[in-house]
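Report on one structure; see the data block that follows.
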There are 2 protein chains.
Amino acid sequence: MPAVSDCINMLDSETKAVETPEDHAEELRLWLRLLTCTTLIEGEVRGRLRQRFDVTLPRFDLMAQLDKAPDGMTLSDVSKRMMVSNGNVTGLVERLVDSGHLDRRTSETDRRVQVIRLTKLGRAEFRRMAAEHETWIADLFADLTPKDVRELMRLLAKTKASAQKSAARRRS
Amino acid sequence: MPAVSDCINMLDSETKAVETPEDHAEELRLWLRLLTCTTLIEGEVRGRLRQRFDVTLPRFDLMAQLDKAPDGMTLSDVSKRMMVSNGNVTGLVERLVDSGHLDRRTSETDRRVQVIRLTKLGRAEFRRMAAEHETWIADLFADLTPKDVRELMRLLAKTKASAQKSAARRRS
DNA sequence: CCGAATTGTTTTAAGCCTAAAATGTTTCCA
DNA sequence: TGGAAACATTTTAGGCTTAAAACAATTCGG
């Protein structure tokens, strides 16, 4: 068994290790921990929204997007921002229009487009929920120092950029 | 308008700010960024699993739990580990039993309990998928240095502990 | 100007997910 | 020992989510 060939097989022309079953256990553990944190917090927020306001998390998220856009958004915009499928938004919006929280109208200039906005009721209810929601988040992250928060922001920005790059690589 | 009383209202007996609509915008932004990262990566993994192996992410996650437990797990165990509801696991397991990936049997000693295991087929298929899955994760996190990974692990551990504490506070 | 590609939305079919109630089983303790 | 409490799972009802196909409207190139 020539050890040399093993070594050669691990090196490409630029002397970087390739084709070796590399150990990516650390990244895997990081991903699982990231997922655990998100699932934990998301579940907590979901439960509190239901108990306090009898509203679901997706509805709250959609209203949060619209609260930032006084002039309304198209369904596609919402879909991209929330990172969910188009069909998903259709149903979500339908239920929120039925409950009187959203106003939906077809664009004057492009009849393909639906523009949705918060109604007065929708905005009032969202603001009320959002104020309390913010305190929940603060409490969930309470043990992090301001420095921890800054550092996490930085590292997660880097993570997001890395993942987006990887996703773009695959699509191309 | 006595400015003094405003000030007094903002201080408790230990001279710390309380009862003030504090600014938790940083924590909120952190939470949204965390959620974005997770959603982005999760969506990417979901898509790759579907395209390469025609398997859903929840099925993959369940098999991953069982791969770590050669002696099998009860449905409750799985439910806690995956942080999903009991009823959810019931359906997921049913489909995986039907497709021949899981073996399910009632415990000899406690007839309430169902013990599930990977079948030979289930284990083989999972191992095949897991190997590739690990490379996807490595690629998604590729721009993070080993130091970034360590630091993120540390901060997310702190975040998890903080959130668990907050959740426990609410339940009590 | 006309057809082809593109864009925005909805529909469809299937699966995922939750909370709460129901069912069956075991344990505990008075 | 008998019944209440605890436990494990399933069922129910409703909503969320996706991918893919279908539909409708606009834009673009020849």
Side-chain angles (χ1 to χ4, degrees), chain A residues 35 38-40 42-63 72-99 101-102 104-116 171, chain B residues 35 38-40 42-63 72-99 101-102 104-116 171:
Chain A
L35 190 54
T38 301
T39 305
L40 189 59
E42 200 170 357
E44 198 60 25
V45 171
R46 183 196 314 282
R48 297 191 199 200
L49 282 173
R50 186 182 44 74
Q51 286 197 348
R52 282 284 290 131
F53 302 113
D54 194 31
V55 74
T56 66
L57 183 52
R59 278 163 154 94
F60 179 81
D61 286 344
L62 175 43
M63 292 168 85
M73 299 174 79
T74 70
L75 297 200
S76 289
D77 289 343
V78 172
S79 165
K80 286 190 198 85
R81 286 287 190 95
M82 294 181 74
M83 296 194 282
V84 299
S85 66
N86 285 338
N88 189 357
V89 174
T90 297
L92 215 39
V93 165
E94 193 175 299
R95 285 183 287 273
L96 280 166
V97 168
D98 287 350
S99 62
H101 294 85
L102 259 57
R104 147 196 236 146
R105 61 187 60 171
T106 303
S107 162
E108 303 279 332
T109 58
D110 185 340
R111 281 186 304 172
R112 287 171 303 181
V113 174
Q114 302 285 319
V115 178
I116 54 175
R171 278 195 300 276
Chain B
L35 189 55
T38 301
T39 306
L40 189 59
E42 200 170 355
E44 198 59 25
V45 171
R46 184 196 313 282
R48 296 191 199 202
L49 281 173
R50 185 181 45 74
Q51 286 196 349
R52 281 284 290 130
F53 302 114
D54 194 31
V55 75
T56 66
L57 184 51
R59 278 163 156 95
F60 178 81
D61 286 343
L62 176 43
M63 292 168 85
M73 297 175 80
T74 69
L75 297 200
S76 290
D77 288 343
V78 172
S79 165
K80 286 191 198 85
R81 286 287 191 94
M82 293 180 73
M83 298 194 280
V84 299
S85 67
N86 285 336
N88 189 359
V89 174
T90 297
L92 216 38
V93 166
E94 192 174 299
R95 285 183 287 273
L96 280 166
V97 168
D98 287 351
S99 62
H101 294 85
L102 259 55
R104 148 196 236 148
R105 61 187 59 173
T106 303
S107 162
E108 303 278 332
T109 59
D110 185 340
R111 283 185 304 172
R112 287 172 302 183
V113 174
Q114 303 282 321
V115 177
I116 54 175
R171 279 194 301 276

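Atoms considered below: every heavy atom in the structure, side chains included; atoms not considered: hydrogens, waters and symmetry mates. Here is how names work: the chains are called A, B, and so on, in the same order as the sequence lines, proteins then strands, and each is numbered from 1. Treat the numbers as computed from the prediction; the structure is a model and nothing was measured.
Note that OG1 of A:T39 is 7.0 Å distant from CD of B:E42, once rounded to the nearest 0.5 Å. Atoms CG and CG, on B:D61 and B:L92 in that order, are 9.0 Å from each other to the nearest 0.5 Å. Residue B:T38 holds its OG1 atom at 6.5 Å from CG of A:L35, rounded to the nearest 0.5 Å. Rounding to the nearest 0.5 Å places CG of A:L40 at 7.0 Å from CD of A:E44. We find the NE2-CG distance between A:H101 and A:L96 to be 7.0 Å, quoted to the nearest 0.5 Å.
Checking the phosphate oxygens (OP1, OP2) of C:dA14, no side-chain nitrogen or oxygen of B:R95 falls inside 4.0 Å. Between D:dC16 and A:R59, a contact under 4.0 Å exists linking OP1 or OP2 to a side-chain N or O. OP1 or OP2 of C:dC16 has at least one side-chain nitrogen or oxygen of B:T56 nearer than 4.0 Å. Neither OP1 nor OP2 of D:dG15 sits under 4.0 Å from any side-chain N or O of A:R50. Taking only side-chain nitrogens and oxygens, A:R104 comes nearer than 4.0 Å to OP1 or OP2 of C:dT10. When the side-chain nitrogen and oxygen atoms of A:N86 are compared with OP1 and OP2 of C:dG8, none of them lie within a distance under 4.0 Å. Using a 4.0 Å cut-off, some side-chain N or O of B:N88 falls inside it from OP1 or OP2 of C:dT18.
Taking the side chain of B:T90 as heavy atoms from C-beta on, and the options C:dT26, C:dT18, D:dT9, the nearest nucleotide is D:dT9. The B:D110 side chain lies nearest to C:dT25 when the options are D:dA25, C:dT25, C:dT11. In the set C:dC16, D:dT17, C:dT25, D:dT17 carries the atom at the smallest distance from any side-chain atom of A:P58.
Two residues, B:V89 and A:V113, neighbour DNA chain C, and the one matched to the more 5' nucleotide by heavy-atom proximity is A:V113. Checking A:G43 against A:K80, the closest nucleotide of DNA chain C that is more toward the 5' end is the one next to A:K80.
Within the 4.0 angstrom heavy-atom criterion, only backbone atoms of the sugar-phosphate kind lie near B:S76; the bases stay farther away. No engagement by A:L57 is indicated, since no non-hydrogen atom pair under 4.0 Å with the nucleic acid exists. B:S85 comes within 4.0 angstrom of a base, heavy atoms only. Backbone-only contact: B:T74 has heavy atoms under 4.0 Å from sugar-phosphate atoms and none from a base.
Taking only distance into account, the side chain of B:R111 never meets the base of C:dT25 through a donor-acceptor pair shorter than 3.5 Å.
If you measure from atom CZ of A:R112 to atom C1' of C:dA5, you get 12 Å, rounded to the nearest angstrom.
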